[in-house]
2 protein chains.
Amino acid sequence: MISEKTVERLSLYRWLLEMRVDKNTLSLFSHQIASMACVTPAQLRRDLMVIGYTGSPGRGYLVKDLAESICSVLDGDEPAKVALVGMGNLGRAIVSFLRGRRSRLKVVATFDTDSRKTGRVISGCRCYEQDKIEEIVAGRQISVAVITVPSDVAQKVADRLVNSGIKGILNYAPVPLRVPDGVYLENRDVTTALEKVAYFARESKEKE
Amino acid sequence: MISEKTVERLSLYRWLLEMRVDKNTLSLFSHQIASMACVTPAQLRRDLMVIGYTGSPGRGYLVKDLAESICSVLDGDEPAKVALVGMGNLGRAIVSFLRGRRSRLKVVATFDTDSRKTGRVISGCRCYEQDKIEEIVAGRQISVAVITVPSDVAQKVADRLVNSGIKGILNYAPVPLRVPDGVYLENRDVTTALEKVAYFARESKEKE
DNA sequence: TGCATGCTGTGAAAAACGTAACAGCAATAC
DNA sequence: GTATTGCTGTTACGTTTTTCACAGCATGCA
Ligand SMILES: NC(=O)c1ccc[n+]([C@@H]2O[C@H](COP(=O)([O-])OP(=O)(O)OC[C@H]3O[C@@H](n4cnc5c(N)ncnc54)[C@H](O)[C@@H]3O)[C@@H](O)[C@H]2O)c1
Ligand SMILES: NC(=O)c1ccc[n+]([C@@H]2O[C@H](COP(=O)([O-])OP(=O)(O)OC[C@H]3O[C@@H](n4cnc5c(N)ncnc54)[C@H](O)[C@@H]3O)[C@@H](O)[C@H]2O)c1
């Protein structure tokens with residue numbers, strides 16, 4: 001089992017390797033990739049060790065090979081299907097962002113309660129009535145969900161998603177959701193993030 | 001100096017304490033607060049230890065007192081001023097979200113290059129031309145910035161912000177920015193987060 | 001008042017995470 | 001072919017973060 005931090009960095013390495021403009025360089029050294037990712041070379045080598053990829057001294061890592069190797073670890077056999085609940089400002093921003101980007105993650109359904117949004121195709125993705133969650137999530141075997149509904153209904157939405165078989169949730173509502181063991185939850189509250197940044201900003205200002 | 005993780009949790013505790021509906025309970029035990037925050041009681045007690053707040057056995061922690069104590073650690077003397085660069089879909093969602101919420105963080109200026117956005121008040125906040133960054137950020141002593149511009153210009157924006165005296169950056173563009181020591185940086189890439197969730201979702205699905 | 005209860009504060013152990021160091025070897029130069 | 005260079009894989013170490021465990025005490029009740 002790979003640690004959370006390592007998975008995050010692997011995702012970053014892959015992105016950096018695939019987005020690289022210079023397609024001529026076939027291989028890179030650990031310190032080059034590390035520098036792009038803003039980590040130490042030792043960190044990078046350690047991360048590659050856990051996925052079992054091995055380079056060679058004097059040549060480094062074969063870019064294409066390494067990227068594929070990361071894919072085989074991070075991705076399943078087929079692209080993960082993603083549902084997003086709450087097509088408000090944030091929800092639309094995220095869906096259209098994910099659309100624009102070639103990715104292994106496919107947003108295949110969105111949900112809302114607002115009848116001005118349901119039944120239409122928004123940001124390139126069909127928006128269903130919220131009470132179709134069970135039917136569609138279970139029926140299409142969607143395993144990952146993004147929650148961008150107001151915080152007072154977030155727990156209710158999470159419960160429905162879990163009951164429909166969702167195994168991972170990315171939550172943007174500013175409430176700590178309760179999910180059973182076996183469902184992976186990641187919270188992304190703006191306020192917390194901003195307060196953290198503000199705290200350390202102040203801290204470093206006081207030091208100078 | 002308090003650790004990042006602890007600061008995040010303190011922010012969460014404060015939010016939970018302030019949002020509590022039942023204003024009658026004057027005090028709470030560690031296990032009650034911990035349960036709301038989804039952490040262990042030991043974790044909570046240790047976090048409170050580092051800020052020097054102390055409860056009492058048999059009664060627990062005085063809610064109002066504790067919240068104020070967290071404030072005195074997290075907040076400076078005055079509310080931190082925040083600038084946001086890039087009033088696209090995501091930028092507007094964040095600004096209007098922060099507006100709606102009583103907070104110690106004030107978004108006092110936003111910036112964009114698009115002339116359809118600049119010079120107007122959007123989501124309750126004035127939007128300036130992007131080349132006014134130096135003037136306004138330095139002039140109004142803004143210390144924290146949120147970056148929500150396309151990734152190819154994110155580094156350039158970050159540089160200008162740093163030159164203007166910004167001490168903390170919350171970055172939503174999917175690129176690892178380079179900032180000098182003394183500037184605190186927090187990255188919040190959706191793709192990385194989603195890929196992480198998808199990985200662990202698959203992991204837990206395979207286990208069952 | 002005095003006793004029993006059970007929660008707090010904290011030192012000590014454990015776990016997670018990152019860093020440093022180096023032996024071994026692939027590539028290159030000559 | 002051989003020597004040299006300098007990068008990799010991995011182990012050992014240091015640091016940070018979390019959990020455990022329990023002594024001590026404030027509280028509520030008899
Ligand atoms: N973490 C972040 O970066 C961030 C930024 C902004 C907002 N937020 C949070 O994200 C959430 C949404 O923010 P927003 O600005 O998009 O708000 P919004 O009001 O624009 O969007 C909410 C959407 O959810 C829909 N909705 C309401 N109840 C629903 C239900 N039961 N099922 C399905 N859909 C439902 C509404 O119809 C609306 O379309 C809020 O909780 C907000 O606090 C997070
Ligand atoms: N982390 C997330 O949750 C998340 C979600 C969606 C998008 N994103 C990222 O956030 C960024 C913005 O996404 P979006 O959907 O809002 O895109 P968008 O195109 O709607 O918004 C970008 C805005 O930035 C402005 N801009 C462009 N260049 C600028 C410059 N040099 N200075 C100031 N403003 C400038 C544009 O005029 C536009 O208004 C992108 O980098 C995207 O990848 C992140």
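Below, chain A is the first sequence line, B the second, and so on; all start at residue 1.
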(message) Can you identify which nucleotide, out of dG9(C), dT27(D), dT18(D), has its nearest atom closest to the S56(B) side chain?
(response) dT27(D)
(request) Output the single nucleotide from dT27(D), dC22(C), dT8(C) whose closest atom is nearest the side chain of P57(B). (result) dT8(C)
(message) I need the CD-P distance between Q32(A) and dG6(D), as an integer number of Å.
(response) 14 Å
(request) May I ask you to verify if any side-chain N or O of S30(A) is less than 4.0 angstrom from the OP1 or OP2 atom of dC7(D)? (result) no
(message) Rounded to whole Å, please give me the gap between CZ in R46(A) and P in dT11(D).
(response) 9 Å
(message) For S3(A) and G58(A), find the nucleotide of DNA chain C closest to each by heavy atoms; which residue's nucleotide sits nearer the 5' end?
(response) S3(A)
(request) Output the single nucleotide from dG18(C), dC7(D), dT18(D) whose closest atom is nearest the side chain of Q43(B). (result) dT18(D)
(request) Please state how far atom CG in L62(B) lies from atom P in dT8(C), giving the value in whole angstrom units. (result) 12 Å
(request) Supply the atom-to-atom distance M87(B) CE to T113(B) OG1, rounded to the nearest 0.5 angstrom. (result) 12.5 Å
(message) Need one value for R59(A): base, sugar-phosphate or nothing, where a base atom within 4.0 Å counts as base even if backbone is also close, heavy atoms only.
(response) sugar-phosphate
(request) Enter the distance from I2(A):CD1 to Y199(B):OH here, rounded to the nearest 0.5 Å. (result) 3.5 Å
(message) Of the options dT8(C), dC17(C), dC22(C), whose atoms approach the side-chain atoms of Y61(B) most closely?
(response) dT8(C)
(message) Classify T54(B) by what it touches in the nucleic acid, base, sugar-phosphate, or nothing, heavy-atom distance under 4.0 Å.
(response) sugar-phosphate
(request) Would you mind reading off the distance between Y53(B) atom OH and dG9(C) atom P, rounded to a whole angstrom? (result) 9 Å
(message) Rounded to whole Å, how long is the line connecting atom CG of L48(B) with atom C1' of dT18(D)?
(response) 15 Å
(message) Whether the S123(B) and R99(B) side chains hold a donor-acceptor pair (N or O, under 3.5 Å, no angle test) is what I'd like checked.
(response) no
(request) Using only side-chain N and O atoms of T40(A), determine if any of them is under 4.0 Å from OP1 or OP2 of dA20(C). (result) no
(message) Once you measure the plane-to-plane angle for F200(A) and Y184(B), does it fall in the parallel (<30°), tilted (30-60°) or perpendicular (>60°) bin?
(response) parallel
(request) Provide, to the nearest angstrom, the distance between the NE2 atom belonging to H31(A) and the P atom belonging to dT19(C). (result) 17 Å
(message) Is it the case that the side chains of S3(B) and T6(B) hold a donor-acceptor pair, with the cut-off being a distance below 3.5 Å and no angle test?
(response) yes
(request) Rounded to the nearest angstrom, tell me the gap between atom CZ in F29(A) and atom P in dT8(D). (result) 7 Å
(request) Rounded to the nearest angstrom, tell me the gap between atom NZ in K5(A) and atom P in dT16(D). (result) 13 Å
